[in-house]
J.: 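Pasting a structure here, questions to come.
The structure presented is a predicted model; accordingly, all values stated were derived computationally and were not measured.
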Amino acid sequence: MSPSSRSSRSSRSIPSLPLDRRTLLRLGAGAGLGVAAAPLLTACGGSGAATEKASVKSGSLLPNTILRDLGITPDHPGTAQGVPQGFSRYPAKPVRSVPGTPLKGAKAITASLETFKPPAPGRDRNAAWQEIEKRLGTRVDIQAVAADDWPTKFSTMVASDTLTDIFMYPETGGVDHKAAFLAAKCADLTPYLSGDRIKDYPNLAAIPKGAWQGSIYGGKLYGIPIARAGTGGAGYYRHDLFAAAGVTSLDQIDDMDRFFELCKELTRPKEKQYAISAGVTTLIAMSYGAPYYWRMDATTGKFTLDLETDEYRAAIEMAAKLYKAGCYYPGTVQMSGAQKAQYTDLFKNGRAAYVFDGWPAYLTPSTGYLDAMAAIDPTYDVRPMTPIGKDAVAWNNNARLSESFVRKADAGRVREILQLANWVAAPFGSEEYTLLAYGVEGTDHERDGKGAPILTEQGGQDVAVPWQLMASATPALYSATNAQGVKHLHDAYARLIPKMTPDPTSSYSSPTWDSKSSGTLNTLKGDWIKDIVTGRKPMSSYDGLVKEYRAKGGDQARREFEEAAQKGTKQ
């Protein structure tokens, strides 16, 4: 699984329940300086990376994507570069994006999906689920598995050969030899979705091409992206605390030395307030201009690991310097991704001035940073953080959360499952999106005085079924409670997207990288960096990390990427 697939989390506001433990963006070293992946599973008998070849991900395999215009005018326009549309009001009359009942007469479809919410009521007690199936014309049986348990559940399904008709691939972990697994167990979607063939599924066709790029394996298009907004951002900061320290604009923090001094000023242990909760490495690395995993020299075709660059090394040194200065809330650097609720809650409750999390968590109703912190203290002014200084870049780490795959079946069955994916990928403001996100009007939601759909208690439970983790619409930004927050987030994307660096691996396939990047290599890197930052290992051990990372797959992945890039120049 490519690193870009891990990136956590949607740019849309999808209603959540108060007990939601995570948002939808998990970013390697950013989330507490590393997320331990589930053990990788060897799949498909003896086939492995040695039998798979590096290759160019041909653009001819990609769908011809389109803009999906339902006639809904945004308050903050999107851009061709990828800045999402922003909406301060919900459309008064949602428009249907899929005519008729596309699955009328089809046999029941099974789906298995990760969820970030408490269990939803079953179909018999879920008005939204019943109405969705009525609109589709068939039954959809969904297994929703808690995010922390999903990698293990997925491995069990693969080992027991009990994959469902459509399933979400884990953000971390998965199978060792992904291309071989897909060829053996999953439907090749190239004949259905590549080029103009996708016109039969217009909502899928509206998913940005950059999200589709990572769905090519072994020279075929297999995955359906769960699309996001390109970059997951750089976390959140308390503007009110920064302003009290004399920083009223992020432009005033012109380099990392100034950031270091600000963090020291924001750290007040006697008041139980610290500058940082958990990790800050992603913010610092982007601020120094470090690459996202790989940098490619366009002239020579040579690939360089992020760990091998001066910029990334400097980021780790700065993170360790901040820790030594006491700027982290005690114990949070050591926390894992599974403990995310703990360190994000510390920030939400006023114990830190900065936390790393994906921007999609900003506008989520009730549990998102804006609503949750306003409920705790209306004076908390939380805003999206952007990288610092003249060398800052944005990582292309959130083109998609992950992807879903279709189990091998005859052509008619594959088309039925793609119709389901097309339906759940309906764009913001459509009838389908409204039903998925807010349920049935009068039961699951009511309209307020401004026409915004507001979830009832029952609705908050009914819409917890993770339909939109089969496929997702083009991201949009919306809040029913905070128009200024929509502007803050839109402005942050507008600031960051133009600085987004291309991911050189998106056009090439490396079997070794697909197999190891999100599992063993990610765990090695994250754990070692934690040890350096917290002083358990000296900075001088950094070279040992680079050596071991290269030996355990980094060098082999490099050779494969360079081989694929060389093939590309000959085409």
Side-chain angles (χ1 to χ4, degrees), residues 1-14 22-31 35 65 78-79 81-86 114 116 147 168-172 207-215 223-236 279 281-283 285-286 290-294 306 337 340 344 355-364 368-369 384-387 392-404 425 428 468-469 471-477 489-490 492-506 517-518 522:
M1 181 176 178
S2 66
S4 60
S5 302
R6 288 193 300 278
S7 301
S8 264
R9 318 230 137 123
S10 115
S11 292
R12 295 171 295 167
S13 277
I14 299 177
R22 296 189 186 181
T23 52
L24 306 181
L25 179 62
R26 195 179 291 133
L27 290 173
V35 176
T65 55
T79 70
Q81 283 183 296
V83 177
Q85 295 179 331
E114 179 177 33
F116 305 93
M168 178 184 172
Y169 197 80
E171 298 166 76
T172 57
I207 295 174
K209 186 161 287 190
W212 286 101
Q213 188 79 45
S215 295
I224 304 170
I226 303 163
R228 298 298 180 256
T231 180
Y236 301 98
T281 304
T282 295
L283 168 63
M286 285 196 284
Y292 180 58
Y293 285 93
W294 292 97
D306 56 354
K340 186 172 184 177
T344 54
V355 70
F356 182 85
D357 199 359
W359 283 354
Y362 189 55
L363 300 176
T364 305
Y369 283 84
M385 186 74 181
T386 54
V393 298
W395 286 351
N396 185 4
N397 57 7
N398 200 26
R400 57 193 194 162
L401 167 66
S402 184
E403 57 195 330
S404 60
F428 172 85
Q468 290 158 306
L469 294 185
S472 65
T474 303
L477 313 176
L489 188 54
H490 186 270
Y493 274 117
R495 180 185 177 103
L496 208 54
I497 294 261
K499 297 180 180 180
M500 194 160 62
T501 56
D503 177 2
T505 69
S506 64
S517 62
S518 64
N522 191 54

J.: In Å, rounded to the nearest 0.5 Å, how long is the span from OG1 of T386 to CZ of R495?
T.: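 Here the interatomic distance stands at 4.0 Å.
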
J.: Starting at OG1 of T501, measure out to CE of M286 and round the result to the nearest 0.5 Å.
T.: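 Atom-to-atom, T501:OG1 and M286:CE are 9.5 Å apart.
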
J.: Nearest heavy-atom pair of P387 and L496: which atoms, and what distance?
T.: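 Taking every non-hydrogen atom into account, CD-CD1, 3.2 Å.
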
J.: Take Y236 and D357, measure what side-chain contact (heavy atoms from CB on, under 4.5 Å) needs, and give me the verdict at the end.
T.: CA-CA 7 Å; Y236 301 98; D357 199 359; 3.7 Å; yes

J.: So, taking the atom named CH2 in W212 and the one named CD1 in I207, what distance separates them when rounded to the nearest 0.5 Å?
T.: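 Rounded to the nearest 0.5 Å, the CH2-CD1 separation comes to 5.0 Å.
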
J.: Answer whether the closest heavy-atom distance between the side chains of Y292 and T282 falls below 4.5 Å.
T.: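 Sidechains of T282 and Y292: no contact.
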
J.: Give me the atom names and distance for the closest heavy-atom approach of M168 to S402.
T.: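 Answer, listing the atom of M168 first, then S402: CE-CB, 4.0 Å.
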
J.: Main chain of Q468, side chain of S472: is a donor-acceptor contact present, judged purely on distance under 3.5 Å?
T.: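 No; judged by distance alone, with no hydrogens or angles, the pair does not exist.
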
J.: Report yes if the side chains of R400 and S215 come closer than 4.5 Å at any heavy-atom pair, otherwise no.
T.: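 The answer is yes; the side chains approach within 4.5 Å.
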
J.: For the pair Y493 and T79, evaluate side-chain contact (heavy atoms from CB on, under 4.5 Å) and give the outcome as yes or no after the intermediate values.
T.: CA-CA 10 Å; Y493 274 117; T79 70; over 6 Å; no

J.: Could you tell me the separation between the CG atom of N398 and the CE atom of M500, rounded to the nearest 0.5 Å?
T.: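 Between atom CG of N398 and atom CE of M500 there are 9.5 Å.
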
J.: Do you know the tightest heavy-atom contact between P498 and A494?
T.: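 Shortest heavy-atom separation between P498 and A494 comes out as CD-O, 3.1 Å.
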
J.: Determine the minimum heavy-atom distance between G210 and A399, stating which atoms define it.
T.: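 Smallest interatomic distance, heavy atoms only, reads O-CB, 4.0 Å.
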
J.: Return the set of residues passing side chain to side chain contact (heavy atoms under 4.5 Å, CB included) with S404 (not counting sequence neighbours), or none when no residue passes.
T.: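 Result, side chain to side chain contact (heavy atoms under 4.5 Å, CB included) vs S404: I166, I224.
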
J.: Side chains of P502 and N396: does their closest heavy-atom pair fall under 4.5 Å?
T.: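 Heavy-atom side-chain distance check fails, nothing below 4.5 Å.
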
J.: If the condition is side chain to side chain contact (heavy atoms under 4.5 Å, CB included), which residues does Q213 pass it with, not counting sequence neighbours?
T.: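 Listed in chain order: K57, L62, S506, S507.
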
J.: Looking only at atom types and distance, does a side-chain atom of T231 sit under 3.5 Å from a main-chain N or O of W395, one as donor and one as acceptor?
T.: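 Answer holds: yes.
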
J.: Heavy atoms only: give me the nearest P84-L477 pair and the separation to one decimal.
T.: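 Result for this residue pair: CB-CG, 4.0 Å.
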
J.: Would you say that T505 contacts Y293 through its side chain, given a criterion of any heavy-atom pair below 4.5 Å between the two side chains?
T.: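 Side chain of T505 against side chain of Y293, heavy atoms only: no contact under 4.5 Å found.
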
J.: With sequence neighbours excluded, what pairs up with P384 under the side chain to side chain contact (heavy atoms under 4.5 Å, CB included) test?
T.: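 Expected list: W359, Y362, H488, L489, A492.
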
J.: Would you say Y369 and T344 make side-chain contact, with heavy atoms under 4.5 Å?
T.: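 Touching, per the 4.5 Å side-chain cut-off.
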
